[in-house]
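Data block below; observations after.
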Amino acid sequence: MRRSAVEVLISFLLGISWALALLSALFAFDFFYPFGLFTAIAGAIFGAFFWLVLIIFLEIASLQIDKYRELKQQTKLLSEIKDRLSNEKLSDI
């Protein structure tokens with residue numbers, strides 16, 4: 001199946017977001033580690049929070065594109081079924 005430019009862009013941004021979330025978490029963990037392990041873990045979570053929210057939004061956008069494509073296909077199939085049924089009713093008369 002051919003993917004649109006928007007889908008390619010979303011996939012690219014998802015990859016970058018995951019990489020930046022990991023790097024942010026590692027950087028924050030390393031930065032806060034001298035203050036204690038619990039503080040370092042909390043800092044890593046807060047460091048990656050923005051990127052994780054962005055990942056959620058990009059996944060939602062990807063799911064909406066898939067949903068739109070599926071609804072479009074279902075609409076096409078339903079209109080074909082309607083046309084066939086109406087043709088059968090006309091041929092019976």
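Counting begins at 1 with the first residue of the sequence.
Residue I41 holds its CD1 atom at 9.5 Å from OH of Y33, rounded to the nearest 0.5 Å. How far CZ of F46 is from OG of S24: 14.5 Å, rounded to the nearest 0.5 Å. Summarising the geometry, atom CD belonging to E80 is positioned 12.0 Å from atom CG belonging to L85; distances are rounded to the nearest 0.5 Å. From K76, atom NZ reaches atom CG of L71 across 15.0 Å, with rounding to the nearest 0.5 Å.
W51 and F49 are not part of a single hydrophobic cluster, where members link through side-chain heavy atoms under 4.5 Å apart. Cluster annotation: F12 is connected to L20 through the hydrophobic network of ILVMFWY side chains, with a link wherever side-chain heavy atoms come within less than 4.5 Å. In the hydrophobic cluster analysis, where Ile, Leu, Val, Met, Phe, Trp and Tyr join through side-chain heavy atoms closer than 4.5 angstrom, L22 is grouped apart from I55.
When atom types are taken as modelled, the side chain of D30 and the backbone of L26 share no donor-acceptor pair closer than 3.5 angstrom. Checked by atom type and distance alone, the side chain of E7 pairs as donor or acceptor with a backbone atom of S4 at under 3.5 Å.
Side-chain contact check for L37 versus F29: some heavy-atom pair is nearer than 4.5 Å.
S62 pairs with exactly one of I65, I60, D66 by the side-chain contact (heavy atoms from CB on, under 4.5 Å) rule, that one being D66. Evaluated for a side-chain contact (heavy atoms from CB on, under 4.5 Å) with L58, the options V53, L9, I16, L14 yield exactly one hit, L14.
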Inset, instruction - Verify side-chain contact (heavy atoms from CB on, under 4.5 Å) between W18 and L52, making sure each step is shown before the conclusion. - result: CA-CA 8 Å; W18 276 113; L52 294 174; 4.1 Å; yes
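Annotation for A28 and G43: closest pair CB-O, 3.2 Å, computed over non-hydrogen atoms.
Using cut-offs of 30° and 60° on the angle between ring planes, the pair F31 and F27 is parallel.
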